[in-house]
2 protein chains.
Amino acid sequence: MAKRTAQRRAIVGELRECDAAVTAQELHERLDGVGLATVYRNLQRLADEGEADTIRRENGEQAFLVCERGHHHHLVCRSCGRVEDVRDCELDGWARKVARKRGFSQVEHRAELVGTCSQCRAA
Amino acid sequence: MAKRTAQRRAIVGELRECDAAVTAQELHERLDGVGLATVYRNLQRLADEGEADTIRRENGEQAFLVCERGHHHHLVCRSCGRVEDVRDCELDGWARKVARKRGFSQVEHRAELVGTCSQCRAA
DNA sequence: CTTTGTGCAAAGGCTTTGCATGCTT
DNA sequence: AAGCATGCAAAGCCTTTGCACAAAG
């Protein structure tokens with residue numbers, strides 16, 4: 001089981017305070033006295049344990065965020081990067097229908113909504 | 001405007017024959033006498049021009065595929081990687097609803113369906 | 001005391017870029 | 001002839017890994 005080190009606590013703490021998804025490097029910059037490799041290792045582990053979700057930015061960077069358990073999607077602000085969890089998913093019917101039509105089985109789906117949040121819209 | 005070189009033709013030709021999305025490196029392996037950098041440059045360009053679509057694999061690699069113009073999604077086989085274009089999109093209503101509820105504007109959505117194609121299911 | 005985590009630096013993997021050369025137009 | 005594409009190798013980035021040391025259980 002995971003040991004409770006000061007670094008791990010710092011990483012988890014900072015991650016929880018983020019509205020947007022962050023990369024290991026970004027988190028490393030915000031934390032003092034935590035090595036970059038340690039940040040990478042902890043984030044990877046949190047993701048493996050299901051404690052954190054990961055997304056890929058367009059440039060391929062891996063960003064992490066703490067989010068709800070279970071099936072959900074993300075609503076991302078294109079301006080500030082804020083991420084909101086969306087539990088309300090109405091895609092399953094559509095997914096099944098499309099899959100059946102094409103002869104695919106065991107369908108899963110992934111979706112992401114991108115928009116401009118009210119705060120950024122005002123600015 | 002793009003010059004018609006032998007390499008570019010080879011790249012585009014091979015790309016069109018792919019059922020699945022391919023990375024620059026994979027394409028480079030399949031082509032003889034085409035430098036890796038050239039493959040990267042041409043794929044990037046095709047994507048910029050809208051002639052090719054790009055997806056990110058879990059490990060962050062960028063893979064390319066030729067696909068339909070306009071709004072569509074992808075149905076991907078988790079076994080063989082085959083990609084089928086899906087024009088039938090019923091997500092807009094849902095996307096708008098969710099966005100409005102959260103105060104987001106100018107929503108776009110991205111979705112991906114993953115399943116097992118009939119061929120792979122049989123095997 | 002044993003096990004696991006951390007730091008640092010080196011190594012890895014994918015992608016981009018600089019520069020001289022060759023092919024298109 | 002002028003300009004853009006190609007090749008090769010070097011450089012860039014993000015991420016992972018090896019190893020010695022430190023901390024946790």
Side-chain angles (χ1 to χ4, degrees), chain A residues 1-16 18 20-67 74 76 81 83 112, chain B residues 1-16 18 20-67 74 76 81 83 112:
Chain A
M1 168 200 158
K3 293 188 177 179
R4 298 65 178 305
T5 66
Q7 291 90 335
R8 184 176 179 84
R9 263 189 292 265
I11 290 167
V12 173
E14 188 65 34
L15 188 59
R16 283 196 208 288
C18 292
V22 288
T23 65
Q25 312 217 36
E26 290 165 352
L27 212 45
H28 170 65
E29 286 172 14
R30 300 186 199 173
L31 297 170
D32 229 63
V34 182
L36 178 57
T38 298
V39 177
Y40 270 106
R41 280 188 280 235
N42 276 284
L43 288 179
Q44 193 55 65
R45 179 171 197 163
L46 287 167
D48 291 343
E49 294 168 338
E51 298 294 327
D53 233 20
T54 71
I55 64 176
R56 286 277 168 192
R57 297 189 178 162
E58 295 222 342
N59 61 7
E61 286 178 321
Q62 187 171 28
F64 300 76
L65 70 158
V66 288
C67 59
H74 290 142
V76 185
V83 178
E112 188 175 75
Chain B
M1 171 199 157
K3 293 189 176 177
R4 298 65 179 304
T5 65
Q7 291 91 333
R8 186 176 177 83
R9 265 188 291 265
I11 290 167
V12 172
E14 187 65 33
L15 189 59
R16 284 196 207 288
C18 293
V22 287
T23 64
Q25 314 216 31
E26 290 164 353
L27 212 45
H28 170 64
E29 287 171 16
R30 301 186 197 173
L31 297 171
D32 229 63
V34 183
L36 178 58
T38 298
V39 178
Y40 270 106
R41 280 189 280 236
N42 275 285
L43 289 179
Q44 193 55 64
R45 179 171 198 164
L46 288 167
D48 291 344
E49 294 168 340
E51 299 294 327
D53 233 21
T54 71
I55 62 176
R56 286 278 169 191
R57 296 190 179 162
E58 294 222 342
N59 61 8
E61 285 178 320
Q62 187 171 25
F64 299 77
L65 71 158
V66 288
C67 59
H74 291 142
V76 184
V83 177
E112 188 176 74

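The figures here come from the full heavy-atom set of this structure, side chains too, leaving out hydrogens, waters and symmetry mates. Note on naming: letters A, B, ... go to the chains in the order of the sequence lines (proteins, then strands), and numbering restarts at 1 for each one.
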Got a sec? Which of residues 41-59 of chain A come in under 4.0 Å of DNA chain D, heavy atoms?
A:Arg41, A:Gln44
Any side-chain heavy atom of B:Asp53 sitting closer than 4.5 Å to one from B:His74?
yes
Would you please confirm or rule out a distance under 4.0 Å between OP1 or OP2 of C:dT6 and any side-chain N or O of A:Thr5?
yes
Surrounding CD of B:Glu49 (heavy atoms of other residues, nucleotides or ligands, distance under 6.0 Å), is the total greater than 12?
yes
Is it true that, when you exclude B:Asn59 itself, more than 12 heavy atoms of the residues, nucleotides or ligands shown sit nearer than 6.0 Å to its CG?
yes
B:Gln62 near the nucleic acid: base, sugar-phosphate alone, or nothing, with a heavy-atom cut-off under 4.0 Å?
sugar-phosphate
Would you mind checking if B:Glu26 and B:Arg57 are paired as a salt bridge, meaning a charged N to carboxylate O distance below 4.0 Å?
yes
Option from B:Val12, B:Leu15, B:Leu43, B:Leu46 for which side chain to side chain contact (heavy atoms under 4.5 Å, CB included) with B:Glu51 holds
B:Leu46
Which residue, B:Ala63 or B:Ala6, contacts DNA chain C at a nucleotide closer to its 5' end, judged by nearest heavy atom?
B:Ala63
Walk along DNA chain D from 5' to 3' and tell me the first and last nucleotide with an atom closer than 4.0 Å to a non-hydrogen atom of chain A.
D:dC14 to D:dG25
Between A:His28 (NE2) and C:dT6 (C1'), how many Å, whole number?
13 Å
Does a salt bridge link B:Arg56 with A:Glu112, judged by any charged N lying under 4.0 Å from a carboxylate O?
no
